[in-house]
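Computed from heavy atoms alone, side chains included, the values below leave out hydrogens, waters and symmetry copies.
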Amino acid sequence: RGVNVDKIAVVYYGLRLSQFEGIDPGKITQLRADWQAGENDLVFGFVGRLVEEKSIDTLLSAYAEYVAQTRRKTHLVIAGDGPLREGLIKHAGNLKIDVKFLGFRADVPELMSAFDVFVLSSVTEGFGLVLLEAMAAGTAIITTNVGAIPEVVDDSAVVVNPRRPGEIAAAMRQYENEEFRHAFEIRGTRRLQDNFSLDKMFAQTDQVYQEAIKNRTKA
């Protein structure tokens with residue numbers, strides 16, 4: 001209200017891609033072996049804080065529903081820590097699903113690369129930097145229609161409504177199709193390169209300053 005939209009410039013966050021380059025394939029193989037995931041198994045994963053806004057309970061319920069419907073051998077891996085961890089472990093036990101809770105991890109690029117599908121089940125989200133990390137790893141994404149997420153992912157992810165386990169489970173089933181999954185991996189990589197590189201962020205930031213200097217000089 002009262003703001004001239006013509007004077008608003010949007011500069012997207014830029015991700016440093018070098019951290020996702022040159023990852024040792026042996027580390028990916030070892031991670032999946034640690035999770036007892038075979039070459040053809042499907043690994044769904046989450047990385048982030050275990051707090052209310054991430055709605056991990058929804059992800060657990062969705063996975064339980066999915067496991068009951070699929071014939072594929074699948075795994076759910078949750079990396080991160082937070083006040084809800086013990087409650088979520090108990091919830092997974094009540095649902096009778098096998099979930100690997102890894103706790104805090106610093107090897108996010110390797111984890112993302114070892115996942116087949118990254119799932120972000122948030123009920124609120126500002127930007128969702130972790131989505132860029134999944135794109136950088138070439139990992140397919142399921143995420144929710146909240147905050148800036150639809151603008152960030154555009155058509156490069158399967159987007160569902162928050163707190164809808166059935167919709168997440170349906171998306172998991174879709175990603176069983178290798179061609180479908182690969183298409184979204186490619187879309188994510190392209191979206192990241194086209195919109196969220198450090199070079200583009202620097203260039204756009206410089207352009208904002210140049211325009212501000214020019215307008216101030218005119219004034």
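A 4.5 Å side-chain heavy-atom check between V77 and F46 finds every atom pair outside the cut-off.
Residues I23 and L15 do not share a hydrophobic cluster, clusters being chains of Ile/Leu/Val/Met/Phe/Trp/Tyr side chains in contact below 4.5 Å. When the side chains of ILVMFWY residues are joined at heavy-atom separations under 4.5 Å, either directly or via intervening members, L120 and V51 end up in two distinct hydrophobic clusters. F20 and I186 fall into different hydrophobic clusters, defined by Ile, Leu, Val, Met, Phe, Trp and Tyr side-chain heavy atoms under 4.5 Å apart, directly or through other members. V47 is connected to Y13 through a chain of hydrophobic side-chain contacts under 4.5 Å among Ile, Leu, Val, Met, Phe, Trp and Tyr, so both are in one cluster.
P162 approaches T144 most closely through the heavy-atom pair CA-CG2, 3.9 Å. Pairing each heavy atom of H91 with each of S61, the nearest pair is NE2-OG, 3.5 Å. Of all the heavy atoms in A140 and Y175, the pair that sits closest is CB-CE2, 3.6 Å. In this structure, D155 and F184 approach most closely via the heavy-atom pair O-CE2, 3.6 Å. Across every non-hydrogen atom of A157 and V153, the tightest pair is CB-CB, 3.9 Å. What you find for I28 and A114 is that their closest heavy atoms are CG2-CA, 3.7 Å.
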Do any side-chain atoms of residues 122-130 form donor-acceptor pairs under 3.5 angstrom with protein atoms, and if so which ones, sequence neighbours left out?
unit_1	atom_1	unit_2	atom_2	d
S122	OG	E125	OE1	2.6
E125	OE1	K54	NZ	3.1
E125	OE2	K54	NZ	3.0

Could you pull out every donor-acceptor pair under 3.5 Å between side chains of residues 195-203 and any protein atom, sequence neighbours left out?
unit_1	atom_1	unit_2	atom_2	d
N195	ND2	R191	O	3.1
S197	OG	K200	N	3.1
K200	NZ	D194	O	2.8

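More than 12 heavy atoms of other residues, nucleotides or ligands shown are found within 6.0 angstrom of NZ on K100. Annotation for Q69: atom CD counts as buried by contact number, over 12 foreign heavy atoms lying within 6.0 Å. Atom CD of Q204 is surrounded by more than 12 heavy atoms from other residues, nucleotides or ligands within 6.0 Å. More than 12 heavy atoms of other shown residues, nucleotides or ligands fall within 6.0 angstrom of atom CD in E211.
Side-chain atoms of Y63 come within 3.5 Å of backbone atoms of H75 as a donor-acceptor pair (strictly under, hydrogens ignored). A side-chain donor-acceptor contact under 3.5 Å links S121 to the backbone of S55.
Separation of atoms CD (E53) and CG (L84) is listed at 9.0 Å; rounding is to 0.5 Å. Going from atom CE of M135 over to atom OG1 of T189 covers 9.0 Å, rounded to the nearest 0.5 Å. Interatomic distance, L95 CG to L60 CG, rounded to the nearest 0.5 Å: 6.5 Å. Summarising the geometry, atom CE belonging to M172 is positioned 6.0 Å from atom CG belonging to L76; distances are rounded to the nearest 0.5 Å. Atom CD of E133 and atom CD1 of I141 lie 10.5 Å apart (nearest 0.5 Å). We find the CD1-CD distance between I149 and E151 to be 11.5 Å, quoted to the nearest 0.5 Å.
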Test side chain to side chain contact (heavy atoms under 4.5 Å, CB included) on T143 and V152 and set out the steps. CA-CA 11 Å; T143 189; V152 172; over 6 Å; no

R72 and T74: side chain to side chain donor-acceptor pair (under 3.5 Å), yes or no, with the steps? CA-CA 6 Å; R72 287 285 299 268; T74 69; over 6 Å; no

Worked verdict on I168 versus R164 for side chain to side chain contact (heavy atoms under 4.5 Å, CB included): CA-CA 7 Å; I168 295 177; R164 295 292 187 273; over 6 Å; no

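A salt bridge is defined here as a Lys NZ or Arg NE, NH1 or NH2 lying under 4.0 Å from an Asp or Glu carboxylate O, and R173 with E176 fails to meet this definition.
Within the hydrophobic cluster formed by Ile, Leu, Val, Met, Phe, Trp and Tyr side chains joined at under 4.5 Å, directly or through other members, F104 stands alone, with no partner residue.
Legend: salt bridge (charged side-chain N to carboxylate O under 4.0 Å, His left out) pairs involving residues 106-120, not counting sequence neighbours, sorted by first then second residue: R32-D116, R105-D107. Sorted by first and then second residue, the pairs that involve residues 177-187 and meet side chain to side chain donor-acceptor pair (under 3.5 Å), not counting sequence neighbours, are H182-E185.
With sequence neighbours excluded, the residues forming a ring-ring contact (aromatic ring centres under 6.0 Å, His included) with F44 are Y66, listed by chain and number.
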